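Remarks on the structure that follows.
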Amino acid sequence: MTLPNKDQMQAWWMPFTANRAFKDNPRFYVAAEGMYMTMGDGRQILDTNAGLWCCNAGHGRKEIADAVHAQLLEMDYGNPFTYGHPKGFELANRLVADIAPEGLNRVFFTNSGSESVDTALKIARQYWRLKGQGTKTAFVARVKAYHGVNWGGVSLAGLTGNRKSFGQGLEADFLRHTLLPENAFSKGLPKQGAELAHELSDIIAMRDASNIAAVIVEPMAGAGGVIVPPEGYLQKLREICDQHNILLIFDEVIAAYGRVGAATMAGKVGVTPDMITTAKGLTNGAVPMGAVFCKQEIYDTFVNTGDASAVPEFLHGYTYSAHPVACAAALATLDIYKNEKLFEHANTISQYWEEGVHSLKGLPGVKDIRNYGLLAGIDLPAGIAGKVAAKTLEMGVTVRPAGDTIVMSPPLIIQKEHIDTIVNTLQEAIPAAQK
Ligand SMILES: Cc1ncc(COP(=O)(O)O)c(C=O)c1O
């Protein structure tokens with residue numbers, strides 16, 4: 001494959017990329033299979049990030065490609081406004097049966113995590129209007145949260161860099177993040193910090209529940225640096241939301257579809273929110289698609305108890321909602337997850353993963369290591385994570401710097417030998433990057 005030269009790297013304004021610098025130090029991927037990406041220079045690179053937290057079944061899955069091809073030939077597209085198609089219903093049923101926790105049995109399709117988040121926020125606001133409580137419009141989010149890049153998600157972002165250039169957004173208050181120094185190097189769920197959830201009561205006392213539509217959190221935070229919730233924290237948020245009649249939204253765009261060793265983090269920890277936002281692993285990253293899971297009562301409030309003449313009940317949707325090609329990709333992906341028991345595999349091998357990543361404790365500069373399911377975050381001194389990532393790339397392994405944290409989320413097909421390679425590479429790269 002011919003790579004573009006500097007003159008040909010003009011028109012593409014690249015996302016979340018230092019565009020000016022890219023041309024002088026371009027990095028290209030040209031192919032992908034299984035656990036590996038192929039770089040522009042032909043090198044095979046072990047992918048510890050499943051693309052961008054999304055290719056959970058590994059790269060280049062033929063079953064998905066075949067399903068997409070067949071669907072394109074059968075029906076490339078169908079208007080989803082006022083028309084349905086069989087695969088949309090089939091996929092929604094499968095998601096309710098196999099992925100969503102019990103009680104979340106309605107699915108609204110989107111094309112990305114950002115769209116799933118904005119969809120859930122709009123559902124929350126309209127829900128309270130329909131209930132005659134239209135003053136409930138504000139949201140509570142959390143410091144270090146990432147909820148995508150659309151207006152709702154940006155307003156609720158807890159990462160300064162992602163919001164500071166864009167001015168006023170939605171009204172929001174922020175809970176503290178749950179990274180506590182006393183939990184440093186905890187394995188799995190940290191023991192201390194469930195009481196941080198009580199801050200929600202303080203925010204409610206200040207704002208008043210009559211003004212708050214929903215609380216949104218990543219139950220297992222990814223982009224903020226793999227922040228694992230303290231034991232009991234999510235349960236407490238649920239209790240406080242219930243006490244005050246506030247909706248709870250879990251943003252599981254990263255966590256769902258096996259990443260935490262179960263279909264969802266909600267299911268894994270036994271806390272059922274009112275809505276869950278998902279995307280990424282839904283189609284194994286192969287075709288853009290997202291899905292919001294909602295409680296029946298929310299759907300009923302819109303569809304079965306609202307004013308019957310006010311239709312459509314929810315004036316919201318995308319040209320590509322439930323795109324038939326995306327549905328075909330998702331159904332093939334769910335088959336792979338099930339047939340290969342990938343969520344169970346992720347759960348089992350997460351023990352070896354945990355031991356591997358925690359063996360890096362004691363390396364120079366390593367300030368904290370966190371893990372859960374097939375996720376890990378390694379905190380390093382300021383400015384070092386990017387250098388470590390550059391070094392591992394030289395050595396044949398790609399890891400992702402997120403601020404001062406190295407984050408990893410390998411495909412769920414990972415085997416012990418891959419974990420050994422990742423750990424050995426970091427063992428060498430972390431000190432080398434600080435010399
Ligand atoms: C928790 C969370 N929410 C939302 C998003 C946004 O998803 P997308 O990039 O598909 O819009 C992401 C992306 O990483 C995410 O991690």
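Computed from a predicted model, the values in this text were never measured in an experiment. For ligands, and for the atoms within them, numbers begin at 1 and follow the listed sequence. For the single chain, residues carry numbers from 1 onward in sequence order.
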Next item on the list: Please state whether the rings of Phe343 and Tyr337 are parallel, tilted or perpendicular, taking 30° and 60° as the class boundaries.
Entry: tilted
Note to self: Tell me which residues fall inside the under-4.0 Å heavy-atom shell around ligand 1.
What the structure shows: Ser112, Gly113, Ser114, Tyr146, His147, Gly148, Glu218, Asp251, Val253, Ile254, Lys280
Item checked: Atom CZ of Arg176: over 12 foreign heavy atoms under 6.0 Å -> no
Margin query: Between the side chains of Arg238 and Asp242, is the shortest nitrogen-to-carboxylate-oxygen separation below 4.0 Å, so that they form an ion pair?
Written below: yes
Check: Is the closest basic N to carboxylate O distance between Asp335 and Arg94 below 4.0 Å?
Finding: yes
Margin query: Nearest 0.5 angstrom please: Leu130 CG to Thr301 OG1, how far?
Written below: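 Atom-to-atom, Leu130:CG and Thr301:OG1 are 7.0 Å apart.
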Next item on the list: Hey, could you give me the CZ/CG distance between Arg400 and Asp47, rounded to the nearest 0.5 Å?
Entry: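 Rounded to the nearest 0.5 Å, the CZ-CG separation comes to 11.5 Å.
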